[in-house]
Every structure is written in C-alpha cells, then in structure tokens.
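All remarks here apply to the structure that follows.
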Amino acid sequence: MERAVVQITLLGLLLALATTLPNKGDWDIYSFHINSTVTGRYATTVIMSRVANRMNESKEIEFQVRIPKNAFISKFRMFIDGQVYDGVVKGKEVAQQQYTDAVTRGESAGLVSSVGRTLEEFKTSVTVAAHKKVTFELTYEELLKRRLGKYELQIHARPMQPVKDFKVDVYINEKAGINFIKVKGGLSTKALANAITKTHVDKQAWVYFYPTEDQQKTCDSCGEQGMNGDLVIVYDVNRNPSLGDIKKSDGYFVHHFAPSNLASIPKNVVFVIDQSGSMAGRKILQTRIALIHILSDLAENDHFGLITFDSSIFHWKRELVQANMENLESAKKFARKIVERGSTDINKAVLEGARMLNAHPREGSASLLILLTDGDPTSGVTNLEVIQSNVRGAIADKFPLYCLGFGFDVNFEFLEKMSLQNNGVARRIYEDSDADLQLKGFYEEVATPLLTDVTMIYNGGTNLTQTNFSQYYNGSEIVVAGQITDNDIETFTPQVVAISSRKRVRFSDTNATVESSGTESDSHIQRVWAYLTVKQLLEKELVLSGPEKENAKKEAFELSLKYSFVTPLTSMVVTKPQGETTDVLHKPREGEPTEARLHVAMGRQPMFDPVSRLGGSFPPPPDIQTRLRTQTRPHTQTPPDIQTRLRTQTRSDVRTRPRTQTRSDVRNHHDLHFPNIISYLFANEDDLQIEDLHMAILPTFVSYRATDAPLSHRFLLKTENLSLPLCFDVTGDVRLKLLHHPNRELSVNGELDSVENGGFRKIVIHLPNDLHVEIDAKEITVREGQTLTRHSGQDPITAGSLTVIRRDKEIDVAAGDTRMILVIHQRNGEEFLWPVLRQRPLDDNVSGILALKPAVYEEVQQSPSTRLKIKDQEIDVTRASADDYSIVSPPTHDCWLMPAESALQRHLDDFIVAQL
C-alpha cells in the first residue's frame, strides 16, 4: 500500500536579546523543555523556556517561537518574581483597540506572522531585572492530518545558545495501537544518536531527546550558538478494516475513518498548466520535471488530459485518452516543450478542463481537475467572482477542483475559495529548489482514489462537523466529530455509505462498541470537536455570502472565545508587569499580509530615525525633514535654523512636562523613547545646550531593521544557490530608475515614500507616442498627448501596448514582452507600492534596479568579521534582516548587509533620476 507523509511542524525556537545577539554571560537559557503529547492524533505542545539575566542591569528578553500554521495557540503565560501573567483571548476588535491604545502611548505590539511553508512566528518580550529570572510558557494545539499513510511530528530547535537543561519529551497514546514509529531528521545523526531514546509498547510510545551541552555544539546542525535542526517522529496506527476508530467522552465523539483494504478506482484527471510569462525560468522548468514524473505514475486504466494556457489554450489532445505507454510518451514530449509566454486567462482554461471531464463520463471512475498557476487572471474574464461562478456552474459538484498556487505572487484566497466551492483544496507551491517534488507530492496524495460520494451517518448524533466528502484517497483519513444526543450511547449508531469502484458500499459494525476515554481525557474529545468545527466554519465563512457568511463567522468566533483559540477572528492580549508594553497576538490567514512591528520598551535602546521619531504629535515640516535626512549624521550638528524652528514648533507641546532630570540623567537614560527625549530637551532648554540635543540623539542610531517608520528603504538582491541574499539601504525619498528598455522606448521610475511608509509613493511609466502612466496606491493616471484620464476602479486599462489591471493587493502592468507587479502594502493605515519584475524583456539591453541579475559572491572570511568577495572586490558585511516586499505577505529574510555601491557594483547615483 502506497503511503506518504503528513507533517505537523511543532517548534522552532529563537530566543535573543532585542538589540544584539546574545553575548556569553549576558543572559542564560538555563532550561528549555518541549513537551508534546499526542492522544488520538491530537497534539498538545507546551514550550517552556527559563531564562536568567546574569547582568547587573535590566535587560529586555525576547521570546520568539515558531508554530504550525494549522495550530491554534491556546495559552501563553510568563512567570516573573512569583507573579503569573496570562494571555487572554479576546475578540479581534477589542484586542485591536487595546493595541491601538498601546501604540498611542508610544508602545508596540507582538503578533503572529507568516514565516514559511508550515510555520508562523509568535514573539513577545519582557524586561527582566538584574539577576532575575523569567519563565515563558506557550501552549498550542493541532489535529494531526494523515497523508499518504503516515503522521509526522517535526520539532525544529534553534535556541541560539547551548542549554544546560535541554529536553524534548514526546508521548504518543493511540488506543487503536501504534503500527510503527521512527525517529529521523537532522538531529538524529550519529553525533546525537545516544541523546535519543525511543520506546514503543503496543498503544503507547515515548521519545526523549536529551542532548548535552557539548553535543549541542558539535553535531552536524550545531555550533557555538547551539542546535539548529529537526527531530522528526513518524508513526501510524492500526486500523479497523471496516468502520474505523470511534471514541467518545463526556457527550462528544470523534471518528477516524481510513479503510485500506479496497480496490483503487480508475481516475479521469485533467491537468491545467499555466504557461504565462510569469512562469519563466525555474518555475516552468520545475513544472515540466514534475509533470513528466506524474505522467509516469498514471495507471494504465486511468484516463487523462493535458492543456496549457496563457491568453490562449493549447491542447495536447482535445479529449481524454487512456494512459497507455504510447499516449504517455506523447504527453511527456508535449510537456518537455512547454514554454512561458503571454498573459493569463484562468477562466477559459479551467472551463475547458471541466468540459473535457464532463465530456468523458466513465462509470466506476473518479474524476478530478488540477490547476497550476502562479498569477491572477490578466486576460479574458478577469473579475474573480465571475470566474468562480463560471467554474462552479461548469463543475456542478461532479468532481473536485484542486488549485496549486505557485509562489507568493498568486492570489491564494481566490484559489482557495474556488477550490472549496468545488469540493477541493488549494495548496501553495513554494518557489524553492524542491518545487517539483512539492508538485509531485501533492499529486501522490490524490493519485489513488478508493471511495467516492462518501456520506458519514450518525443516528443519535448532533452538532456534527463535515459529513459529506466527494472522494477518499488511499493513505488519507476522514475525521468527523460531534455530540451524542443526550449522551445516550445506546442510541448512537454510526455508519458510512460510499461508492467503491462500480458498486455502492456500506461500512457498519453491529458488534462494534464506541470506546470511552478515561476521565483525564474528558475535555480532549471535546477540544478535537471544537478545533475541527472552527476550522471548517472558517472555510465556510470564506465561501459563503450574506447572512450565511455572518452566521458561520459568528459561530466560529464564539467557539474560539470559549476554547481560547487564537484564530483569524480572535487575538490574544499578552499582559505584562505594570509599565511594560501590552502585546496583541494575531493569527493571519494564508496569503494575508501581516504587519511586522518591533517592540520599543523599557530597557531597550529605541531604533529610530531623526525624522520619524521627531513625529508623535509634532512632526517637523517637510523641508526640515529633507534637510534632517541629508544632514543628521553621526558627528554632525543639526543646522542652526532647523534648531530654532524645531524649538518653536515643539515648545507648546512640551511646556507641561516636569523638569526633574538633569543633563547627566539624559545622557545615561537609554530607555527613553526618542520623542520623549526631544520633548524633555526642549522642556529643559535653559539647562541644556544644543550639543546636548546632538549628544542625546546620535548615539541611538543603529543599523536599519524594518520598523513602523523607516528612514532607510531596504532592498534585497536575490542570489542563486547561495545561503543568504544581499541587502542594502537607500536613504530618503529618492527617485530611482526602476527599468529602462531603450529598444522599446520604455522607462519606469519610482519615487520612494517619506518615512512613514517605507516603499514607493508613486511609479511613473513612459512609453512611445507620448504615453505616460502615473500609479500610486489610490489612483492610476493615464496621459496620452493632451488627454488625461484618471482611474480608481478595477476595470482593465488599455493604452497603446500597455495593459494595467488593478486588484485588491496589487497592480498588474504589462507592456509588450515586459510584465511587472506593483504590490500594494499597508502599514499603520498608509499604503505604498513595491515593484516586482515578473517577465523580463528578452533583450539584454535593459537597466535599472528591477533589471539587476542575481548576485554571485564568495564567503572569504568568517571571523572576526564576515567578508564577502564579489568579482574582485572584498567587502566587510554584517548579518541583518529585511522584509521581502516583493511578496504580498512579506516574509523576513536574513541577509548580508553592505553599502549600496558594493551590492550594485556601481555608484548608486547611476540609478537615481532627477525627475519621474
């Protein structure tokens, strides 16, 4: 029986000081425990980290942990000086108000942000007094999902220092019996083999991972900063060949149904492959590789079709054919010749795929439609709701639609909604070196249908989760939970009705007993029901509209509050000692943009720029902002006229502040927020000279890291086959040459925004025949000669060779063989643009920031500082991080920070233009 892996990612731990990487002796993680208990495939994980401040002064310690995207955080607490500070789950609006109030007071908030394929990141911080300790404890819950015959528990550990008391305890209790259990992963290598203990006795299994401090430094995934790797536990359970595994407790039940002794059903499958210009490069290569592998795995009694599309449709054959050797070889030859070109007509392509399946009814078979795309519709029907309606009408619940979204540029919510409306699922394919394996892995999950039209029936059951499933695949599992009416087990009768191959089958067991759990698990079955119900209600809320949508949202919200789940409808307010910042923990939806804010708290030197942090209630005039950006540098003095105007402007705001501190107090008071320092200085101007203002401000300059109001704009320069990208900063609201294509007479210039946003305020496109297009986040202005038109809606705009399509989160611009996306980001209520080149002009004679090729470097020195070699030049670099704004939900990447001239291998002035 073919099996594969379901993965639940449990943990990645990063614990560090806010301002710098930890120095030995500053603070100490003296105990770090992960305790994961899996009962009936439901995992509850508790992460407990104990940290001691070894310094003679207060330190802010940041707790940062990665959790599975499918998990719900259910508890967070801190223990400080005998006091317990608990997080409280509230409605999102209530929590948001609390966050807004905190920001008004000059504080910031924590949140969960998307960080990778399966992980989200939670972070918070707290000030720990000298020689005091803090304990962080985080709990989250997730139902393990079975894929291809296995459950997989993955623990990622990165504590950033060797830990004296480091323990991972995993306990698995499966009443059905554990069929097998294995331990693998990067932390199960020979160097750590004796740190792992595995015990398996019938229905229970224990895995202990207790590495010593020395082992944490010397293993393959280890170093002076401790471990950085995975511990992976793979297992499966014994199965009832008929009805499956049913447990009840305290009036609730959960039913795991996964029969395997069934003949496979022949399938009819149509692959709909995007070959538009944005698939250029590695995407199309990996798609070809994966498709050829998938075709090889088709069974001879399968029938299949293959179409590719851009603005037109390209058939391999217009009807489905049998997967015999001759047809497969012909299809592979077609796949090898797929090349990227043109725009994207998703509507026409999916409707054609549905037509092919509808035209090929075959008794005793299962049909499925698989769409792979990396972008939004840009030609044909482009209204997303119309496309979804058309597809729903064409499929008419006859077969599932699976949508694979390649990369982060795709509108994932559109694909997810379209899949859910048609009994399928959407999956993001990450643009990594293993993308072809991701595609092949997804296909393997649906490659062997065993049942169709599955109906789960529970006489004597109520408040059931989903009970109808279009198909059941080998190696997967159907899970249903609900309540037993009046808690009467005698009247509770489960059965399953489905179609297997060419006949209708019924699964029931008149002699079966519904197993009761012990008192210690009384709440466990109920929480499985709540978890499943909330998950499915959130999916319904995405698909439904009107009153039904609001009802599903209301029910999911109420259950989230009742069971303290942090979901997209709720937030957790992280309480702290008096005087500390109040954090609000949010959970994003997949594909949703998340804001990344840093804490500015007591005991932490604030990160700011000389313009934005003069903000608060008294931002300086624009001309002063400009001069401050260019003149306020270390070891320079603020110009006298600016000193005078700033003093005049702010005096009325700060006269009421108490004059209780001296000049020396200000010099040594590092935990003041910058606006407070300025306010204090002006309130005490009789005691302070202007050099004190200079002294107080300048030492707080630090290397840029994405903040709410960055002065510098950080650019990422991607690399090929190298561990880290390069990054460099461009300071101020500069005008940049983004793209210049002389052969096409195409120029694209952008003006960087002022400090409050951190992207481009506007972008201007120049084309032949006196055609100019100006784009900002709110409006698109087209000027053709003397004719000027303004557009603010989502109707496609066509002018000459240019097509512009505006969507909720991006603007799609195509001109000849060039295509770019202007991603719309929002921060603190303000929007800005970030351009991304999706289809590069065929000519090599192009220049500009967007035309830069991937960087190539060699690491030539690691200590005492890191040095890279680019071409013949050696450059000192520092490890930093930057948000990747080329993606709708910008992840944060580590990068090598260097001067712009070094990264660009030319003067920055070469990319600056005098006017847009």
Side-chain angles (χ1 to χ4, degrees), residues 4-11 35-46 67-75 117-120 138-155 170-176 178 205 232-237 239 244-250 252-258 420 425 427 445 456 463-467 469 472-473 475-483 515 517 521-540 556 559-560 562-570 587 589-590:
V5 176
V6 150
Q7 176 175 317
I8 173 173
T9 305
L10 283 186
L11 172 71
N35 191 314
S36 184
T37 301
V38 184
T39 304
R41 291 74 127 183
Y42 192 72
T44 302
T45 300
V46 181
I67 65 173
K69 286 184 176 180
N70 284 327
F72 291 149
I73 290 175
S74 55
K75 184 185 294 184
R117 296 185 185 182
T118 57
L119 296 178
E120 292 171 344
L138 180 76
T139 302
Y140 59 88
E141 304 172 34
E142 182 179 21
L143 180 66
L144 297 181
K145 191 172 182 181
R146 186 173 185 253
R147 289 180 184 149
L148 297 172
K150 298 174 186 175
Y151 305 98
E152 184 171 297
L153 194 69
Q154 179 180 346
I155 298 173
V170 177
Y171 170 62
I172 302 173
N173 182 10
E174 297 288 356
K175 294 293 180 67
I178 298 173
V232 182
I233 300 155
V234 180
Y235 80 97
D236 197 17
V237 302
R239 306 208 169 262
D245 178 18
I246 304 175
K247 295 183 181 67
K248 75 97 180 178
S249 174
D250 197 27
Y252 289 83
F253 77 91
V254 60
H255 181 192
H256 295 265
F257 177 68
L420 292 172
V425 296
R427 184 77 57 81
E445 292 179 34
M456 317 288 284
N463 286 334
L464 305 172
T465 59
Q466 181 181 345
T467 55
F469 303 87
Y472 162 71
Y473 299 99
S476 66
E477 183 175 64
I478 291 174
V479 183
V480 179
Q483 290 179 264
E515 186 176 356
S517 299
S521 301
D522 278 353
S523 66
H524 167 77
I525 302 298
Q526 186 175 345
R527 294 190 74 83
V528 175
W529 168 82
Y531 174 94
L532 264 180
T533 302
V534 170
K535 283 284 185 184
Q536 292 173 8
L537 284 170
L538 290 172
E539 290 181 351
K540 285 184 180 179
L559 283 174
S560 298
K562 180 178 179 180
Y563 292 92
S564 294
F565 289 149
V566 180
T567 71
L569 302 179
T570 58
K587 180 180 178 67
R589 292 182 185 270
E590 172 68 17

Checklist entry - Are T44 and E141 close enough that a side-chain donor and a side-chain acceptor fall under 3.5 Å? => result no
Next on the checklist: Given S36, which partner from the list I172, L153, I233, V46 fulfils the side chain to side chain contact (heavy atoms under 4.5 Å, CB included) test?
Outcome noted: L153
Item to check | side-chain contact (heavy atoms from CB on, under 4.5 Å) evaluation trace for V170 with I155 | outcome: CA-CA 10 Å; V170 177; I155 298 173; 3.8 Å; yes
Item to check | Over all atoms of both residues, closest heavy-atom pair of F72 and V566 | outcome: CD2-O, 3.6 Å
Next on the checklist: Could you go through T45 and T139, starting from their C-alpha distance and side-chain angles, then the distance that decides it, and tell me whether this counts as side-chain contact (heavy atoms from CB on, under 4.5 Å)?
Outcome noted: CA-CA 6 Å; T45 300; T139 302; over 6 Å; no
Item to check | Exercise: identify the closest heavy-atom pair between D245 and A176 | outcome: OD2-CB, 4.0 Å
Item to check | Nearest atoms (heavy-atom pairs only) where G40 meets L143 | outcome: O-CD1, 4.5 Å
Checklist entry - Is there side-chain contact between V480 and V254, with heavy atoms separated by less than 4.5 Å? => result no
Checklist entry - Can Y531 and Q536 be counted as having a side-chain donor-acceptor contact under 3.5 angstrom? => result no
Next on the checklist: Please determine whether the number of non-hydrogen atoms from other residues, nucleotides or ligands lying under 6.0 Å from atom NZ of K535 exceeds 12.
Outcome noted: yes
Item to check | From I246 atom CD1 to I525 atom CD1, the distance as rounded to the nearest 0.5 Å | outcome: 11.5 Å
Checklist entry - Can you tell me how far the CG atom of L144 sits from the NZ atom of K150, to the nearest 0.5 Å? => result 15.0 Å
Checklist entry - Do you know which two heavy atoms are closest between P568 and L538, and how far apart they sit? => result CD-CD1, 3.8 Å
Item to check | Test side-chain contact (heavy atoms from CB on, under 4.5 Å) applied to F257 and M456, step by step | outcome: CA-CA 9 Å; F257 177 68; M456 317 288 284; 3.8 Å; yes
Item to check | S564/S74 under side-chain hydrogen bond (donor to acceptor under 3.5 Å, both in side chains): CA gap, chis, key distance, verdict | outcome: CA-CA 5 Å; S564 294; S74 55; over 6 Å; no
Item to check | Side-chain ion pair, D236 and R41, N-O less than 4.0 Å | outcome: no
Checklist entry - What orientation do Y252 and W529 show, parallel under 30°, tilted 30 to 60°, or perpendicular over 60°? => result tilted
Checklist entry - In Å, rounded to the nearest 0.5 Å, how long is the span from CG of N173 to CD1 of I178? => result 7.5 Å
Checklist entry - Would a distance-only check, ignoring hydrogens and angles, find a side-chain to backbone donor-acceptor pair under 3.5 Å from T465 to A481? => result yes
Next on the checklist: Let me confirm one number: the CG-CG distance from L537 to L532, rounded to the nearest 0.5 Å.
Outcome noted: 10.5 Å
Checklist entry - Could you walk me through whether V38 and E174 pass the side-chain contact (heavy atoms from CB on, under 4.5 Å) check? => result CA-CA 8 Å; V38 184; E174 297 288 356; 4.2 Å; yes
Item to check | Criterion salt bridge (Lys or Arg N to Asp or Glu O under 4.0 Å) on E477 and R239, from CA distance to verdict | outcome: CA-CA 11 Å; E477 183 175 64; R239 306 208 169 262; 3.0 Å; yes
Checklist entry - Would you say the side-chain atoms of Y42 and R527 include a donor-acceptor pair closer than 3.5 Å? => result no
Item to check | K248 and H255, any side-chain heavy atoms less than 4.5 Å apart | outcome: no
Checklist entry - If every non-hydrogen atom of R146 is compared with every non-hydrogen atom of A258, which pair is closest and at what distance? => result NH1-CB, 3.7 Å
Checklist entry - Does one side chain, of Q526 or Y563, offer a donor that lies under 3.5 Å from an acceptor on the other? => result yes
Checklist entry - Looking only at atom types and distance, does a side-chain atom of K587 sit under 3.5 Å from a main-chain N or O of A71, one as donor and one as acceptor? => result yes
